[in-house]
Structures are given as C-alpha cells and as structure tokens.
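The structure appears below as structure tokens.
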Amino acid sequence: MTDASSTRAPLNWPAIIMFLLSTIPVVTVFPWYAATFGFDGFEWACFFVLWALNGLSITAGYHRLWAHRSYEASKPLQIFFMLFGAMALQNSILVWSSSHRNHHRYVDDVDQDPYSAKRGLWFSHLGWMLRNYESGRPDFRNAKDLEANPIVRFQHKYYLPLALAMNFGIPVLLGVLHGNLWGSLLLAGFLRLVVSHHCTFFINSLAHYWGSRPYTTENTARDNGVLALFTWGEGYHNYHHLFQWDYRNGIRWYQWDPTKWLIRACTWLGLARALKRVPEFQIRQALVQRQLQKVEENLGQIQDTSRLAALRQSLETEMQHYKETLAHWAALQQKRVEAAKKAVIDHIEHNEILQRVRELEESLRQQYLRVRLIAVQVA
Ligand SMILES: [Zn+2]
Ligand SMILES: [Zn+2]
C-alpha cells in the first residue's frame with residue numbers, strides 16, 4: 001500500500017493540539033475582544049513587526065539560508081533567524097529544512113514529497129502535518145551540513161522551551177510595557193501566529209495550484225505575484241523549483257521579494273555574504289525553451305494547413321537560432337575558463353567575453369518576445 005492511500009496514518013496530536021490552541025482563540029475571543037475593546041496603533045504595529053520577523057526568519061533563514069544554502073550568514077544573523085524562526089512555530093530548522101529538501105527532490109511524488117500537491121490542496125496546506133505520514137517521517141541523512149551547525153543543533157535540542165518563550169515571552173513583555181496584556185496576547189500572540197502560519201503554508205498549497213509556469217512544467221509549482229505579497233516574496237515558486245539555489249525568488253527588480261532585499265541589505269551590514277545567483281543567460285534560456293515547448297505542444301491544434309506550414313517554418317527558424325545561441329554561449333564559457341587559468345588576468349579579453357555574454361542574453365530576450373508571440377497565436 002502506498003503512503004498516499006494510507007489515510008489512516010496515526011494522528012499527530014502535538015500538532016493538532018497546537019493548531020487548535022492557536023486557532024480557537026482567534027475565531028472566538030479575538031472578534032469579541034476587537035468589537036468590545038478594539039486595538040490601538042501600537043498593538044497593530046507589534047502584530048505587523050512580529051509577523052514580519054517570523055515570516056522573514058522562515059523565508060530568509062529556514063528556507064533560503066538553511067534549506068537551500070543560497071548564501072552565507074554571520075553568527076548574529078543566524079541566531080536572530082533561529083530565535084524568530086522558533087517563534088513562527090513551524091518545527092526546528094533541522095526538521096523543516098530536511099523535509100523541504102525532500103519536497104524539492106521528490107516534488108509532487110505522492111509517496112516521498114512530504115507535502116505533495118498531488119495529494120490535494122488541503123493535504124499540501126495543513127493535512128500533511130496532522131498525521132504522521134510515512135512521507136513526512138524525519139530523516140536527517142539529507143541534512144548532515146545542518147547537523148554540524150551548532151546553532152541549528154542548539155535550536156533542535158531546546159526547540160520547545162525556545163518556541164514557548166518566544167511565543168509567550170515577547171507578547172507578554174510588550175503587553176506589560178504597553179499596559180494591556182490581553183490586547184497584546186491576542187494580537188501579537190495568537191493572531192500573529194495564525195496569520196504567519198497560513199501565509200507560509202500557502203507556499204506549499206496555493207503556490208502549487210494557482211499561477212503561471214513560465215520556466216518549467218516538470219512540476220506543479222507556479223509563479224504568482226499576488227501570493228508573493230503574502231509570503232515575503234516566495235510566490236515566484238515556479239522559478240524557485242527550477243533554480244532553488246538562487247537567493248532570489250522574484251528575480252526582477254520590480255518583483256515583490258522582501259526576503260531578497262533583506263538578504264541584500266544584510267550584505268551591506270556585513271551580516272551576509274556569498275549570495276548565489278543563477279546567470280541571467282540560463283534564466284532567459286529556460287524562458288525561451290518553455291515558450292518553444294508551448295508552440296510545439298499546441299501546433300497540432302491548427303487546422304489550416306497553410307497557416308500550419310508557416311508556423312512550423314517560424315518554429316524551425318527559432319529552434320535553429322536557439323541552438324546557435326546556446327552553442328555560442330558554451331564556446332564563451334570555455335573561453336572564460338581558459339582566460340581564468342592564465343596567470344595574469346587579461347582585462348581586455350575578460351571584458352570582451354562579458355560583452356558577448358550580454359549580447360547573447362539580449363538576443364535571448366528578443367527571441368523570448370518573438371516566440372511568445374507565436375505561442376499566443378497557437379494557444
Ligand atoms: Zn514547492
Ligand atoms: Zn525551496
């Protein structure tokens with residue numbers, strides 16, 4: 001029997017109790033309190049700031065730093081993410097990152113992806129945590145690097161006291177300072193936790209259902225600018241599943257990705273370094289390839305034979321152009337390696353190669369626009 005069909009996996013009571021204890025006050029006491037007493041600006045500010053600190057500790061810390069190693073972070077920054085990540089109550093860095101690595105490795109596999117979208121929206125959003133499914137069984141063999149990190153080990157060992165201290169300690173402290181304990185507990189404590197939870201869970205659920213697939217159709221992950229607004233920039237999930245080691249998810253300057261901006265800002269403060277980026281050429285290559293594939297897939301639907309012949313001809317020309325561009329790029333990479341081997345760096349040669357790479361990127365950008373136009377015609 002496969003894991004997907006074993007719906008009777010044992011219930012995960014600690015998780016169920018945690019979700020009930022955090023959700024029930026939000027749907028019962030919270031609306032009553034809000035209608036009766038209301039909240040002031042300071043309390044709302046605490047809610048937003050703590051939500052941001054929790055959300056960003058998960059996206060910049062748990063996700064892009066620890067699960068994907070897309071950059072390096074200094075110890076103070078790691079400690080910060082470790083504490084506010086514990087406050088987000090999504091398990092330890094070790095458990096979270098290990099299962100996330102499995103999610104990428106086995107994406108959509110109903111037996112091995114811990115939150116496979118192929119098992120339904122509810123399962124990928126929350127259901128996967130409510131039972132001890134075989135697909136979600138912790139196995140840290142894929143996280144030896146994290147087990148070697150003392151900050152990660154410390155958090156894993158003391159996860160429960162850390163999570164409780166952060167979740168109750170900070171809202172209580174803010175409430176006492178502000179002179180309204182209950183207001184702070186409800187808003188900065190309970191509501192913040194529930195909102196922060198579901199916004200992260202959207203990445204496993206909605207970001208695999210709703211949106212476009214401009215880079216790959218190999219998996220269910222989608223790019224969605226609206227989701228990016230609620231997930232600190234993680235809505236560009238189609239890109240992320242193809243290029244998981246890039247520290248950015250929204251790669252264009254105008255794409256809402258506060259996590260990428262935070263990581264970048266940390267480099268200016270000396271808190272982060274060695275940010276990994278996928279070369280622009282490879283990104284453009286994936287975009288063009290996807291459009292060419294789209295045209296190929298839809299050509300069969302064209303009935304008009306003369307139109308079909310013209311479209312086939314255009315596709316062939318574009319395919320040829322694409323192949324030539326890739327060959328040029330490969331040759332330039334070879335040249336680059338050879339230039340790097342030389343004892344003295346030849347700046348003129350180096351600049352020439354860079355110039356040529358930029359021209360090829362531009363050529364792919366133009367080609368993307370052309371092929372997309374053909375794809376629209378055959379859609
Ligand atoms: Zn995913
Ligand atoms: Zn990821």
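The analysis underlying the following values was restricted to heavy atoms, covering all of them including side chains, and did not include hydrogens, waters or symmetry mates. Start at 1 and go down the list; that is how both ligands and their atoms are numbered. Note that the structure is predicted; figures quoted are calculated from it, not measured.
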Angular separation of NE2 (His208) and NE2 (His237) seen from the Zn ion (ligand 1), to 10°: 90°

Donor-acceptor under 3.5 Å (Asn238 side chain, Ala221 main chain): yes

Lys NZ or Arg CZ of Arg252 over Tyr254 ring: under 6.0 Å, within 45°: no

Student check: side-chain heavy atoms of Ile263 and Lys260 closer than 4.5 Å: no

Gap separating the CZ atom of Arg307 from the CD atom of Gln377, nearest 0.5 angstrom: 6.0 Å

Distance below 2.8 Å from the Zn ion (ligand 2): protein N/O/S atoms: His63 NE2, His68 NE2, His100 NE2, His104 NE2, His240 NE2

Test item: side-chain donor near acceptor, Glu338 and Gln334, under 3.5 Å: yes

Proximity of His197 and His125 rings by center, below 6.0 Å: no

